[in-house]
Number of protein chains: 2
Amino acid sequence: MTKVFLQSSFSQFARSMHDEWSPGVVAGRGSISPKVATVRFSRNTDIYREGDPAAQLYKVVSGAVRTCKFLADGRRQIGAFYLPGEIFGLETEERHLFSAEAVTDSEVLIIEPPIVPFGRWDFEVACQVWALMRHELKRAQDRVLLLGRTAQERVAGFLLAMAERMQSSDQVELPMSRQDIADYLGLTLETVSRMLTQLESESTIAVLESKRIVLCRRASLRRLAA
Amino acid sequence: MTKVFLQSSFSQFARSMHDEWSPGVVAGRGSISPKVATVRFSRNTDIYREGDPAAQLYKVVSGAVRTCKFLADGRRQIGAFYLPGEIFGLETEERHLFSAEAVTDSEVLIIEPPIVPFGRWDFEVACQVWALMRHELKRAQDRVLLLGRTAQERVAGFLLAMAERMQSSDQVELPMSRQDIADYLGLTLETVSRMLTQLESESTIAVLESKRIVLCRRASLRRLAA
DNA sequence: CGCTGAGTTGACGTAGGTCAAGCAGAGTGG
DNA sequence: CCACTCTGCTTGACCTACGTCAACTCAGCG
């Protein structure tokens with residue numbers, strides 16, 4: 001019943017909202033409530049694997065998570081990075097399209113398919129899941145746009161996107177490795193590194209200690225990412 | 001009120017389904033009903049432009065449609081192709097992210113934001129919109145995966161995906177130009193052409209007349225697209 | 001210390017882009 | 001019916017952005 005939704009047609013979803021509900025707020029960074037447990041994952045361990053049944057949602061409490069997929073020849077593609085407060089694990093099919101792994105030691109809140117007592121969704125949860133879906137779609141679309149561009153543009157765009165997801169305006173704390181970024185952007189680790197040093201030499205950014213980056217001239221970045 | 005939904009939080013959506021509804025079928029290729037008008041667009045004309053308010057849905061009746069976006073330097077990126085029976089125009093934001101254009105002379109059914117008589121969505125429509133959203137997300141995800149690969153893999157994947165969307169099992173009728181395909185795959189027209197001739201020389205495919213292609217050895221294609 | 005794993009840098013190779021030349025089919029007009 | 005263009009496609013010769021491979025640096029950490 002619950003699994004049904006996450007994979008699923010809208011029917012169960014709609015039906016489940018059909019009684020008791022109250023007007024709710026749509027959460028940008030979701031705040032879906034019926035939590036189950038907070039679990040710790042250490043760096044580079046699996047949270048779920050590609051192909052596993054998609055039965056729960058997950059919320060990053062601390063640390064960072066990546067979703068990824070391995071190709072036959074060993075290449076790896078990263079689906080997305082999730083930072084604290086963000087929810088992942090929502091799928092369009094019955095099973096997970098990507099694996100999810102902890103980028104750094106992380107705490108993850110596992111959200112049992114958020115069903116209210118009588119086996120029906122409450123309205124607020126429905127709103128949140130809908131928002132989540134929209135959010136994922138937007139993300140995927142932006143990603144597609146990013147992949148059409150040059151290495152420098154991709155890296156610039158990545159930095160901007162990361163900065164926007166952090167509170168701290170112009171200092172970005174990257175939890176992931178160069179390899180992770182490379183796999184996300186469809187580049188190699190060396191190219192990412194080169195682009196960063198190049199951006200630094202133009203003093204568009206300053207690399208403090210390889211994972212702490214200051215965006216000095218955001219305008220230039222934005223112009224690059226266009 | 002109607003516009004609100006397409007752009008929108010789930011709230012209106014949910015509220016609108018709250019009375020009279022009946023269990024409905026979820027349409028793979030949507031069959032949303034409250035049509036308004038069928039409009040003809042001739043080849044290469046705009047259906048809507050990037051940035052226009054997203055207030056309707058559109059269904060391809062005949063022909064083919066592409067969504068695309070132009071970059072500052074004139075490069076073009078194609079978001080998706082839509083074939084007869086498919087619905088486009090659903091957005092995650094208030095305004096269209098891409099422009100939509102007719103690939104060939106096309107008939108398009110314009111669906112006014114599908115609101116039932118009393119200003120509320122009926123259940124069936126809600127199911128369909130939900131399915132549509134999932135479908136768009138899946139598409140975007142597949143696309144991201146495709147963009148991580150080599151030119152040959154992309155072209156192979158593209159042909160397979162197109163074939164799957166057509167009834168005719170192993171003969172594909174491509175409505176779009178090489179340039180369109182190239183912009184979709186993030187390649188150049190020349191590269192697309194080269195990959196096609198290469199696939200033909202391996203007799204994996206047969207190019208009948210540049211837009212009619214026969215997939216001779218689907219297995220090989222699948223292996224390439226991996 | 002040396003060891004390990006992440007990052008940077010350099011030298012070189014290649015997939016795919018760029019530019020430019022054909023070429024075939026569809027109109028169009030004589 | 002043949003020239004005559006036009007547009008889309010193919011093909012070739014060359015170029016470049018990025019990948020590959022390998023050396024080197026540096027920060028932790030026993």
Side-chain angles (χ1 to χ4, degrees), chain A residues 42-44 64 66 71 73-77 103-105 146-159 172-202 205-213 224, chain B residues 42-44 64 66 71 73-78 101 103-105 146-159 172-202 205-213 224:
Chain A
S42 48
R43 187 174 143 68
N44 290 331
R66 62 174 173 255
L71 306 184
D73 60 1
R75 278 178 298 176
R76 185 182 65 158
Q77 289 187 280
V103 172
T104 62
D105 293 354
L146 206 63
L147 290 177
R149 339 196 107 212
T150 68
Q152 190 168 101
E153 291 168 337
R154 293 186 213 189
V155 172
F158 177 76
L159 289 178
V172 190
E173 178 81 44
L174 299 174
M176 70 290 287
S177 69
R178 296 288 187 267
Q179 182 65 62
D180 284 339
I181 301 175
D183 289 343
Y184 180 72
L185 296 177
L187 299 170
T188 60
L189 129 196
E190 293 95 328
T191 301
V192 171
S193 181
R194 278 186 247 272
M195 293 306 120
L196 287 174
T197 56
Q198 187 174 327
L199 287 172
E200 191 175 22
S201 75
E202 302 161 358
I205 63 171
V207 181
L208 301 186
E209 28 172 84
S210 118
K211 300 216 168 168
R212 300 181 67 82
I213 294 184
L224 278 176
Chain B
S42 48
R43 190 173 143 65
N44 291 330
R66 63 174 171 253
L71 306 184
D73 60 2
R75 279 178 297 176
R76 184 182 67 158
Q77 287 187 284
I78 288 195
E101 304 173 353
V103 171
T104 63
D105 294 354
L146 205 63
L147 290 177
R149 329 186 123 228
T150 68
Q152 191 169 101
E153 292 168 337
R154 293 186 213 189
V155 172
F158 177 75
L159 289 178
V172 190
E173 178 82 43
L174 298 174
M176 68 291 286
S177 69
R178 297 287 187 267
Q179 183 64 63
D180 284 339
I181 301 175
D183 288 344
Y184 179 72
L185 297 176
L187 299 170
T188 60
L189 131 195
E190 293 95 328
T191 300
V192 170
S193 181
R194 278 186 246 272
M195 293 307 119
L196 287 174
T197 56
Q198 188 174 326
L199 288 173
E200 191 175 22
S201 74
E202 300 162 359
I205 64 171
V207 181
L208 301 188
E209 28 173 82
S210 118
K211 298 215 167 167
R212 299 182 67 81
I213 293 183
L224 277 176

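Proteins get letters first, then strands, A, B, ... in listed order; numbering begins at 1 in each.
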S.K.: Determine: side-chain N/O of B:Thr197 to OP1/OP2 of D:dT11, distance under 4.0 Å, yes or no.
M.R.: yes
S.K.: Hey, what do you get for OG1 (A:Thr188) to CZ (A:Arg194), rounding to the nearest 0.5 Å?
M.R.: 7.0 Å
S.K.: List in numerical order all residues of residues 146-156 of chain B for which some heavy atom is under 4.0 Å away from an atom belonging to DNA chain D.
M.R.: none
S.K.: With rounding to the nearest 0.5 Å, note down the distance linking CD in A:Glu209 to CG in A:Leu174.
M.R.: 11.0 Å
S.K.: Could you state the CG-C1' distance from B:Leu208 to C:dG25, rounded to the nearest angstrom?
M.R.: 16 Å
S.K.: D:dC18 C1' sits how many Å from A:Gln198 CD, rounded?
M.R.: 12 Å
S.K.: Take a 6.0 Å sphere around CZ of B:Arg75 and say whether it holds more than 12 heavy atoms from other residues, nucleotides or ligands.
M.R.: yes
S.K.: Rounded to whole Å, please give me the gap between CG in A:Leu185 and C1' in D:dC18.
M.R.: 13 Å
S.K.: Per the end-axis method with five pairs at each terminus, what is the bend angle of the helix from C:dC1-D:dG30 to C:dG30-D:dC1, to 10°?
M.R.: 20°
S.K.: Within this structure, what is the CD-CZ distance for the pair A:Glu190 and A:Arg178, rounded to the nearest 0.5 Å?
M.R.: 12.0 Å
S.K.: I want to check something: taking the side chain as every heavy atom from C-beta on, are A:Leu185 and A:Thr191 in contact at a cut-off of under 4.5 Å?
M.R.: no
S.K.: Please work out if A:Arg212 contacts a base, only the sugar-phosphate, or nothing of the nucleic acid, heavy-atom cut-off 4.0 Å.
M.R.: nothing
S.K.: Where along nucleotides 20-30 of chain D does protein come under 4.0 Å, by heavy atom, of base (B) or sugar-phosphate alone (S), with - for untouched nucleotides?
M.R.: BB---------
S.K.: CZ/B:Arg149 to CG/A:Asp73 distance, rounded to the nearest 0.5 angstrom?
M.R.: 7.5 Å
S.K.: Just how far, in rounded Å, is P of C:dG27 from CZ of B:Arg43?
M.R.: 11 Å
S.K.: State which residue, out of B:Ile181, B:Leu187, B:Thr150, fulfils the side chain to side chain contact (heavy atoms under 4.5 Å, CB included) condition with B:Val155.
M.R.: B:Leu187
S.K.: To the nearest 0.5 Å, how far apart are CD1 in B:Ile205 and CE in B:Met195?
M.R.: 11.5 Å
S.K.: Within the pair A:Arg178 and C:dT9, is there a side-chain N or O less than 4.0 Å away from OP1 or OP2?
M.R.: no
S.K.: Within this structure, what is the CD1-to-C1' distance between A:Ile205 and C:dT8, rounded to whole angstrom?
M.R.: 13 Å
S.K.: To the nearest 0.5 Å, what is the distance between CG on B:Asp183 and CE on B:Met176?
M.R.: 12.0 Å
S.K.: Could you give the CD-to-P distance, from B:Glu200 to D:dC9, as a whole number of Å?
M.R.: 14 Å
S.K.: Considering non-hydrogen atoms only, spot the tightest contact between B:Ala182 and B:Leu189 and give its length.
M.R.: CB-N, 3.4 Å
S.K.: Could you state the CG-C1' distance from A:Asp183 to D:dC18, rounded to the nearest angstrom?
M.R.: 15 Å
S.K.: Ignoring hydrogens, what is the shortest heavy-atom contact between A:Leu196 and A:Ile213? Give both atom names and the distance.
M.R.: CD2-CD1, 4.1 Å
S.K.: For A:Leu189 and C:dT9, what is the distance between atoms CG and P respectively, to the nearest whole Å?
M.R.: 13 Å
